[in-house]
Amino acid sequence: MRTRLRIEAAISAYLSEHEIVPSSAWLVELPKDRSNGDYASNIAFVLARTLKKSPPVIAADLATSLPAYFKDPAWQGIQIVAVNGFINFILPATVCWQALQDETFAKGDESNPERILLEYVSANPTGPLHIGHGRWAALGDSLARVLKRVGHSVQTEFYVNDAGNQIDKLLASVSAIKAGKPVPDDGYGGAYVKDLVDEADPIVALMKLQENTLRDFRVEFDTWTREKETLHDTGLVQKSINELKQKGIAYLEEGALFFRSTDWGDDKDRVLVKSTGELTYFAADIAYHQQKALRGYDRLINIWGADHHGYITRVTAGIKALVGDTPILEVLLGQLVTLLRDGVEVRMSKRTGDMVSLQEVIEEIGADAARFFLVIKNADTHLDFDLDLAKKQSNDNPVFYVQYAHARICSILRKSEQKPLVHPALDLHPTELKLLKFLLSFEDEVILAASRREPHRIANYLIELATHFHAFYHDCKVNVEDQAMAQNRLAICLAVKRILAEGLELLGITAPESM
RNA sequence: GCGCCUGUAGCUCAGUUGGAUAGAGCAACGGCCUUCUAAGCCGUAGGCCGAACGUUCGAAUCGUUUCAGGCGCACCA
């Protein structure tokens, strides 16, 4: 059982035995300052009004009563102290050892597993991917890994917009070059376009290009869905439109067909078929989301750039109109990335070809550093990605700091002549104990990263774990004469190695054996 | 004008389902390699959490207002 849940259960048992009903939600959490304890609860604050006593008094009562609710052998020796109204729980090392030896530690903890379709990147096949796509790729792939780890069933999808205006323009540009004519003003003039003239199918070639870049970035999709063959050639877009007409939520006005999205809270109704007879991109998008919904998921998660914010309401309206309330559409917005060179913004334009591709970034600084840089910041803060800085910093980049901890452990293991073995009775050095306990909070971070869709938490956790390990390395020599101590410390090293490797795996970053 | 995001140390950012003295890295300064990788460790310094008011026992966190920056408000994709 998860450590936090075990503590919550004890408090709940106490409450129900004493027939106390809290007036609002209480929780057991990781204290901001770990020196206060390993876990803490605010229950005394919540009960203050109900019991008409001050939080410190209630906390003191609970602190003396609660130990009786931890009878399990491993929990013997738990310290429960009341400070300023908080109840702090200081765990015995045996609880940590027990949790860490469990194969399912920090895995599959989701109480409501869902079938999720996660769609991300979905770049137009009109050019190479750039750093912005890289952010969605790093974010989406890590999120998929995190969601799977806690027990959701996740399928990832890349939607290929291979129909419409931009595609026509690209093909026109390729034809123009082939015919020795200049590229049209609104066409694509990037160097890569010239390489497409010999391709039988330039779109497929560009998809391959994007797929290869993503593979170099360690991002692979379960499915690639092509708009043209899946939605247009099959007549599914028209079918969706017809359904809307039949339901009376699409109407003709001034020669255009409108979808009454205002029925679902949109600002204005949206055009499905232009007065010219052309379908809008939105029409295809509605059909696409209807199809996704019909494939049987509980939830559709899309990662979009913040510039697509305005689309959420109308696409949600489309799903509700055609399918209903399930699946839920959840859109994660990420703020855009500005690529800087020497502190100066590099304008990104596929049309002019003035861009630095994701492929180039990966080749310059490596997939590990690039992924870490792109995923470490909260997705809703704007990201300045300075190429020169990233290159320059490659030596003191946090990703190396974390990887170095892993490599150091591997080195220790290679030199060791002992077998790791836990000696629960052994006294631990304070730094050692801190490290051991910090390992335990991995499960809470993973849960949080999953439920809030925030993979950057994993990156921050790993940096902190590496910090604890490096301090341990400094304070506690592992390969010492004392056999029991050496075995114990080796066991800690193995546990740290495992969590570092699993955490890095969640971010799609390698865990090197040596550096 | 309306909507969304951001504003925390010199710089880059954590911390935001309300909680304990607001944290880290980089940059600055000072220590630590006869000891398992110094890509490391330890210490010093650095803050009216953009501003104001409000809710609360308690606010960086919630509400209102306001200032600054970014992004959207198409019969474009």
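Atoms considered below: every heavy atom in the structure, side chains included; atoms not considered: hydrogens, waters and symmetry mates. All chains are named by letter (A, B, ...) in the order of the sequence lines, taking the proteins before the strands, and each is independently numbered beginning at 1.
Applying the side-chain hydrogen bond (donor to acceptor under 3.5 Å, both in side chains) criterion to A:Thr280, with sequence neighbours excluded, gives no partner residue. Listed by chain and number, the residues in a ring-ring contact (aromatic ring centres under 6.0 Å, His included) with A:Phe89 amount to none (sequence neighbours excluded). Listed by chain and number, the residues in a side-chain hydrogen bond (donor to acceptor under 3.5 Å, both in side chains) with A:Glu8 amount to none (sequence neighbours excluded). A search for side-chain hydrogen bond (donor to acceptor under 3.5 Å, both in side chains) contacts involving A:Arg260 returns nothing, not counting sequence neighbours. Under the ring-ring contact (aromatic ring centres under 6.0 Å, His included) criterion, A:Tyr39 pairs with no residue at all, not counting sequence neighbours. Listed by chain and residue number, A:Asn302 satisfy the side-chain hydrogen bond (donor to acceptor under 3.5 Å, both in side chains) test with A:His289 (two or more places apart in sequence, or in another chain).
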Quick one: what's the B/S/- string for nucleotides 67-74 of chain B, heavy-atom cutoff under 4.0 Å, read 5' to 3'? ----SSSS
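Residue pairs meeting the salt bridge (charged side-chain N to carboxylate O under 4.0 Å, His left out) criterion with at least one member in residues 448-466 of chain A, sequence neighbours excluded, are A:Glu330-A:Arg453, A:Arg452-A:Glu454, A:Glu454-A:Arg457. Among residues at least two apart or in separate chains, there is no salt bridge (charged side-chain N to carboxylate O under 4.0 Å, His left out) pair with a member in residues 373-385 of chain A.
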Within the sub-3.5 Å range, which N or O atoms of nucleotides 14-21 of chain B have a protein N or O partner, and how far apart are they?
unit_1	atom_1	unit_2	atom_2	d
B:A14	OP1	A:Asn378	N	2.9
B:G15	OP1	A:His456	NE2	2.9
B:U16	OP2	A:Arg457	NH2	3.3
B:U17	OP2	A:Arg452	NH2	3.1
B:A20	OP2	A:Lys32	NZ	2.8
B:A20	N6	A:Asn88	OD1	2.9
B:A20	N1	A:Asn88	OD1	3.0
B:A20	N1	A:Asn88	ND2	3.0

Review item, nucleotides 34-36 of chain B N/O atoms under 3.5 Å of protein N/O:
unit_1	atom_1	unit_2	atom_2	d
B:U35	O2'	A:Lys477	NZ	3.0
B:C36	O4'	A:Lys477	NZ	3.4
B:C36	O3'	A:Lys415	NZ	3.1
B:C36	O2	A:Asn479	N	3.1
B:C36	O2	A:Asn479	ND2	3.3
B:C36	N3	A:Val478	N	2.9
B:C36	N4	A:Tyr473	O	2.6
B:C36	N4	A:Cys476	O	3.1

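Within residues 484-500 of chain A, no residue has a heavy atom under 4.0 Å from RNA chain B.
Using a 4.0 Å heavy-atom cutoff across all strands shown, A:Glu254 reaches at least one base atom of the nucleic acid.
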